[in-house]
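Note that these values count all heavy atoms, side chains included, but never hydrogens, waters or copies made by symmetry. Sequence lines set the chain letters: A, B, ... in the order given, protein chains first and strands last, and positions in each chain run from 1.
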Amino acid sequence: MAYWLMKSEPSSYSWDDLVRDGGTEWDGVRNNAARLHLKAMKKGDEAFFYASMTDKAVVGIMRITREAQPDPKDTDWVSVRVEPVKAIGPVTLKAIKAEPKLAKMELIRQSRLSVAPVRDDEWKTVLGMAG
DNA sequence: GCCAACGTTGGC
DNA sequence: GCCAACGTTGGC
């Protein structure tokens with residue numbers, strides 16, 4: 001199973017919105033590198049929900065419930081379906097940056113990438129920091 | 001094919 | 001509010 005990190009601005013779609021909805025179509029990604037990651041996702045993979053801008057923290061775990069298909073809003077792009085697993089953390093960007101084991105996270109290396117892979121050891125490290 | 005200009009993201 | 005990073009566009 002693979003792990004991922006997906007960003008959302010709480011002002012447009014928050015973790016609470018996801019819990020309320022019970023699952024959502026993760027669409028609107030308009031970046032080629034992010035699209036490649038979406039296409040690589042398999043049903044059952046897990047992903048951190050990263051709340052950007054206001055929180056700047058990992059606040060929950062999601063599960064991929066359907067693999068990539070054309071984004072209904074623009075079929076040049078793709079979307080996956082996700083559901084909330086549980087709230088964690090928050091593990092802040094500040095804490096992630098302060099942890100040497102996480103220095104190579106894509107979140108850090110390419111801060112603008114909205115869908116990024118997470119390595120197994122990084123996943124465990126972040127979970128450990130969530131307490 | 002190069003690169004300057006511009007737009008967007010997102011941290012600070 | 002500012003600006004760095006990055007992607008895209010368009011003139012040449």
Side-chain angles (χ1 to χ4, degrees):
Chain A
M1 181 172 76
Y3 297 111
W4 308 94
L5 180 146
M6 300 161 87
K7 293 186 186 176
S8 183
E9 286 186 43
S11 62
S12 66
Y13 197 80
S14 70
W15 171 258
D16 287 345
D17 291 332
L18 179 64
V19 171
R20 180 201 62 209
D21 295 345
T24 196
E25 193 73 22
W26 201 274
D27 56 16
V29 172
R30 297 290 182 269
N31 170 280
N32 193 53
R35 173 170 57 185
L36 291 173
H37 294 317
L38 286 177
K39 285 186 170 181
M41 290 180 180
K42 299 295 182 190
K43 189 175 177 179
D45 284 356
E46 291 187 330
F48 287 133
F49 184 106
Y50 177 85
S52 64
M53 307 299 285
T54 51
D55 293 19
K56 281 166 270 181
V58 173
V59 296
I61 296 173
M62 304 184 283
R63 180 178 294 113
I64 310 303
T65 57
R66 199 212 62 235
E67 295 174 16
Q69 67 179 37
D71 184 333
K73 292 172 186 159
D74 184 343
T75 53
D76 286 343
W77 299 92
V78 298
S79 60
V80 298
R81 191 153 186 95
V82 300
E83 66 179 14
V85 176
K86 66 170 184 174
I88 63 162
V91 180
T92 63
L93 180 64
K94 188 177 176 184
I96 290 169
K97 284 189 167 176
E99 171 51 63
K101 289 180 196 167
L102 300 178
K104 290 185 178 172
M105 275 190 87
E106 292 306 310
L107 174 70
I108 306 300
R109 287 159 47 96
Q110 196 179 336
S111 66
R112 286 182 55 203
L113 188 58
S114 61
V115 180
V118 175
R119 297 171 188 84
D120 289 8
D121 58 318
E122 293 167 347
W123 182 269
K124 291 194 187 81
T125 300
V126 171
L127 281 184
M129 292 162 69

Indicate if A:Leu93 and A:Trp15 have the same hydrophobic cluster label, given that clusters are the connected sets of ILVMFWY residues with side-chain heavy-atom separations under 4.5 angstrom. no
Terminal contacting nucleotides, 5' and 3', DNA chain C versus chain A (heavy atom, 4.0 Å): C:dA5 to C:dG7
Base, sugar-phosphate, or nothing for A:Leu93, non-hydrogen atoms under 4.0 angstrom? sugar-phosphate
Pick base, sugar-phosphate or nothing for A:Lys94, based on heavy-atom distances below 4.0 Å to the nucleic acid. nothing
For residues 111-131 of chain A, which residue pairs pass the side chain to side chain donor-acceptor pair (under 3.5 Å) check, not counting sequence neighbours? A:Arg119-A:Glu122
Run A:Asp71 and A:Arg30 through salt bridge (charged side-chain N to carboxylate O under 4.0 Å, His left out) and show every step you take. CA-CA 10 Å; A:Asp71 184 333; A:Arg30 297 290 182 269; 3.1 Å; yes
Nearest 0.5 Å, please: how far is CD1 in A:Ile64 from CH2 in A:Trp4? 8.5 Å
Which residues pass the salt bridge (Lys or Arg N to Asp or Glu O under 4.0 Å) test with A:Glu83, not counting sequence neighbours? A:Arg63
